[in-house]
Amino acid sequence: MSEQPETPNEHELIAERKAKLARFREAGIEPFPHEFAGVVQSEAVRENHQGLEPGTETNVTYRVAGRLAGRRGHGKAAFLDVVDRSGKMQVHARADLLGEESFELLTSLDLGDLVGIDGDAFVTKRGELSLAASGWTLLAKSLRPPPDKHHGLADVETRYRHRELDLIANEAARDLFILRSKVIALVRRWLDDRGFIEVETPVLQPIYGGALARPFTTHHNALDREFYLRIATELYLKRLIVGGLEKVYELGKDFRNEGISHKHNPEFTMIEWYEAYADYNKVMDDVESLVSWLADEIGYAGDLNFSAPWPRIPLSDAIREQTGLDILELRDREALATAMVEKGFHHEPPTDSWPQLVDELLSKHVEPKLKHPTFITDYPVELSPFAKGHRSKPGLVERFEVFAEGMEFGNAFSELNDPEVQRERFEEQARFAAEGDEETQPFDEAFLQALEHGMPPTGGLGIGIDRLVMLLSGRHGIREVVLFPAMRD
RNA sequence: GGGUCCUUAGCUCAACUGGUAGAGCAUCGGGCUUUUAACCCGACGGACAGGGUUCGAGUCCCUGAGGACCCA
C-alpha cells in the first residue's frame with residue numbers, strides 16, 4: 001500500500017505539476033526559495049480584526065504563508081484559501097491589483113503549493129476576513145496531488161502511514177497533535193513548579209527493568225555486547241533518589257516487544273516521577289490533582305469526570321464486587337482456579353499462576369467497568385516486584401493503578417527500599433522465569449547495590465502519555481494520538 | 001495466534017440476484033471581478049496482487065499483502 005508504483009493517472013497529475021514547475025522557472029520564479037521573512041500567523045490577523053462589518057476595508061498589510069488549499073476563480077479575480085498551522089486565511093486575488101501576468105501565475109498555482117501572500121485585510125460582502133493580495137511568493141512547489149479539499153483524508157491506513165497528509169488535509173489532526181504537545185508541556189510545568197527536576201537516563205540498557213515486559217534487543221559493535229531498549233526508567237530514577245536528587249522525573253520513550261493493539265504501540269511515551277519521603281497516597285493526591293488540572297487547562301469538554309477526588313478502591317474489593325470472588329480468601333492457585341470455573345469464567349481449570357489469574361480477573365472483569373478515573377489499590381505482592389509491602393495488609397503491596405475508559409493509564413507504588421526484600425523479589429522473579437514466564441524482571445545487581453546505600457521512603461509513578469492524551473482528547477486508539485504509529489511494512 | 005469484515009479514479013464514495021464500472025472533488029481546455037464544498041460548458045482518468053470457476057467476474061472460490069473490529 002505505502003510504496004506502490006505510480007498509476008498512469010497519478011503519473012499524469014505529477015507530470016502536470018512538474019511541467020508547471022518548469023513554467024514558473026521560465027517565468028523567472030524560483031520555486032524553492034531559501035526564506036520568507038516577516039510571516040504572521042493567520043490567527044493574528046483574525047484577532048486584530050474581529051467584528052468588522054462585511055464590506056469593511058483596511059489599509060493594514062499582512063504577510064501570511066501556508067499551503068494553497070482552495071481556489072475559486074472568477075475570471076479576472078479569484079479567491080484562494082491559504083492554510084497555516086493556526087487556520088485558514090482567504091486571499092482575494094485581482095488582476096487589476098496584481099497585474100495580468102502575476103495574476104495568471106498566482107491563479108495557476110496547484111492546490112498543495114506553499115505560497116506567501118502580502119495583502120491588506122478586508123471583510124467580504126459575505127463577512128469573511130480576507131487579504132487583498134498585493135504580492136505573492138511561491139515558497140515551495142508541490143509535485144503530488146493533495147487529499148480531497150473538502151472530505152479530507154479518510155483512509156485510516158494512509159492517515160497513519162503518511163501522517164503529513166493527515167495533517168495537511170484534516171484540521172482535527174492538526175488540533176489533536178497541538179493538544180498533545182500542550183499536554184506534555186503542561187505536565188512538565190506542573191512538575192517543575194513543584195520542585196521536580198527533569199533527568200535523562202539510558203535508553204540503551206545492559207539490563208532492562210522496572211516493568212514486566214519483553215524488551216527489544218540490540219547490539220553494540222564496539223563493546224560487542226547486547227543492549228536492551230528500556231522498558232521503563234524506574235530503576236535508574238530510583239538510583240537518582242538514592243543519590244539525593246529527591247524529586248526527579250523523566251519523560252520519554254519506552255519500548256516493549258509486545259503485540260500491537262488499540263492501546264499498545266511498541267514504542268510509547270511515558271512519564272515517571274519519584275518523590276522522596278512520599279508514599280503512594282501522596283502520589284494518588286498528585287495524580288488526581290495533575291490530571292484534573294490538565295483537563296481544565298486544555299478545556300476538556302468530554303463526558304469523563306476528571307474532578308478530584310477520584311474513587312480509591314482496593315483491588316480485592318473491586319474484584320469481589322464484579323465477580324463475587326474474594327482473592328484474599330482464595331489465596332492459592334488451585335482454590336482460585338476452581339472458583340473461577342464455578343463462576344463459569346472457564347470450562348476447564350486454568351493452568352495460570354495465582355498472580356496471572358488475579359491479573360485476568362482485574363483486566364477482564366474490573367478494568368472494562370472503570371469509565372471515570374479510578375484508583376485500584378493494594379495489589380498482591382506477586383504482581384509487583386518493586387512495591388513496598390502494605391503497612392497493614394499482609395501479602396499486599398502499596399501499589400495503585402489508575403484507570404479510565406476501561407484502560408489503565410498509570411501505575412505507582414510506595415517504592416520498595418529494603419534491599420534484602422528487594423533481593424528476595426528478584427530471586428522470586430528468577431524462579432518465575434525458570435518456570436517459563438517470559439515477562440519477568442531480571443536480576444539487577446547495580447540497582448540492589450544502590451538500594452544498599454539507602455534509599456529514602458519514596459513514592460513513584462508512571463503515566464502513559466499516549467493513553468492520557470487519548471483520554472483527554474476523546475480518542476479511542478493509540479494510533480490516533482501517536483504521530484507515526486508502528487505499522488507493518 | 002483465532003474469527004468476522006474491508007481494499008473500486010489522485011481524494012471521497014456508488015453500482016439489484018455474475019452481464020459493457022458511475023458521481024462529486026481534483027486535473028486539463030473554455031467562460032465568469034466578493035466567492036467559500038463557488039458556478040456553467042467540455043475533456044482526461046480506475047477494480048490490492050496472483051491464480052481458478054464461468055460464454056461472461058468488481059461481484060463466486062483459492063492463495064498472498066495490507067488494514068479495521070472482536071476474541072485469546
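Numbers restart at 1 for each chain; the letters A, B, ... are given by sequence-line order, proteins then strands. Bear in mind that the values here come from a model prediction, so they are computed numbers and not experimental data.
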ask   = Rounded to whole angstroms, how far apart are CD on A:Glu258 and P on B:rA72?
value = 17 Å

key: Test item: A:Arg425 side-chain N/O and A:Pro385 main-chain N/O as donor-acceptor pair under 3.5 Å   = yes

Nucleotides 23-25 of chain B: which of its N/O atoms have a protein N/O under 3.5 Å away?
| unit_1 | atom_1 | unit_2 | atom_2 | d |
| --- | --- | --- | --- | --- |
| B:rG24 | N2 | A:Asp148 | OD2 | 3.2 |
| B:rC25 | O2 | A:Asp148 | OD2 | 3.4 |

key: Per A:Asn9 side chain, nearest of listed nucleotides B:rU34, B:rG67, B:rG45   = B:rG45

inquiry  = Quick check for you: among B:rG66, B:rG10, B:rU33, whose closest atom lies nearest to any side-chain atom of A:Lys76?
reply    = B:rU33

key: Whether A:Arg230 side chain and A:Pro215 backbone form a donor-acceptor pair below 3.5 Å   = no

query = How many Å lie between CD on A:Glu57 and C1' on B:rU33, as a whole number?
reply = 13 Å

message = Quick check for you: among B:rG67, B:rU35, B:rC11, whose closest atom lies nearest to any side-chain atom of A:Glu157?
response = B:rG67

inquiry  = Please name the nucleotide paired to B:rC55 by Watson-Crick or G-U wobble geometry with both distances under 3.5 Å, or report none.
reply    = B:rG19

ask   = Is A:Asp84 salt-bridged to A:Arg67, going by a charged N under 4.0 Å from an acidic O?
value = no

ask   = Nearest to the side chain of A:His74, which nucleotide is it out of B:rG10, B:rU33, B:rU36?
value = B:rU33

request  = Tell me whether the OP1 or OP2 atom of B:rG67 has a side-chain N or O from A:Arg161 closer than 4.0 Å.
outcome  = yes

remark   = The residue among A:Arg331, A:Lys343, A:Arg320 that forms salt bridge (Lys or Arg N to Asp or Glu O under 4.0 Å) with A:Asp326 is A:Arg320

Nucleotide of B:rC11, B:rA26, B:rU35 approaching A:Leu111 most closely (side-chain heavy atoms) = B:rA26

task = Could you state the atom-to-atom distance from CG of A:Asp96 to P of B:rU33 in whole Å?
result = 11 Å

inquiry  = I want to verify a distance call: between B:rU35, B:rU12, B:rG10, whose nearest atom is closest to the A:Ala154 side chain?
reply    = B:rU12

message = Between B:rA21 and B:rU59, how many Å separate the two P atoms, rounded to a whole number?
response = 13 Å

ask   = Considering only side-chain heavy atoms of A:Glu128, which listed nucleotide, B:rU33, B:rC11, B:rU36, is closest?
value = B:rU36

query = From B:rG66, B:rU34, B:rC11, pick the nucleotide closest to the side chain of A:Thr124?
reply = B:rU34

query = Of the candidate nucleotides B:rG66, B:rC28, B:rA68, which contains the atom at the shortest distance from the side chain of A:Asp110?
reply = B:rC28

A:Arg180 bridged to A:Asp466 by N-O distance under 4.0 Å = yes

task = Provide the distance between the two C1' atoms, one in B:rA57 and one in B:rG18, to the nearest whole Å.
result = 6 Å

query = B:rU35 C1' sits how many Å from A:Lys88 NZ, rounded?
reply = 10 Å

query = Roughly how far apart, to the nearest Å, are B:rG22 and B:rA14 at atom C1'?
reply = 7 Å

query = Taking OP1 and OP2 of B:rA38, is either one under 4.0 Å from a side-chain nitrogen or oxygen of A:Arg72?
reply = yes

remark   = From CZ of A:Phe103 across to C1' of B:rC32 the rounded distance in Å is 11 Å

task = Check for a donor-acceptor pair, side chain of A:Arg399 on one end and backbone N or O of A:Phe386 on the other, with a separation under 3.5 Å.
result = no

request  = Give the ring-plane orientation class for A:Phe79 versus A:His92, where under 30° counts as parallel, over 60° as perpendicular and anything between as tilted.
outcome  = parallel

task = Return the nearest nucleotide to the side chain of A:Met487; candidates are B:rU35, B:rG67, B:rU12.
result = B:rG67

query = Under 4.0 Å between a side-chain N/O of A:Arg488 and OP1 or OP2 of B:rG67, yes or no?
reply = yes

Set of ring pair (Phe, Tyr, Trp, His ring centres under 6.0 Å) partners for A:His390, sequence neighbours left out = none

message = Expressed as a whole number of angstroms, how long is the span from A:Ile14:CD1 to B:rC28:C1'?
response = 16 Å

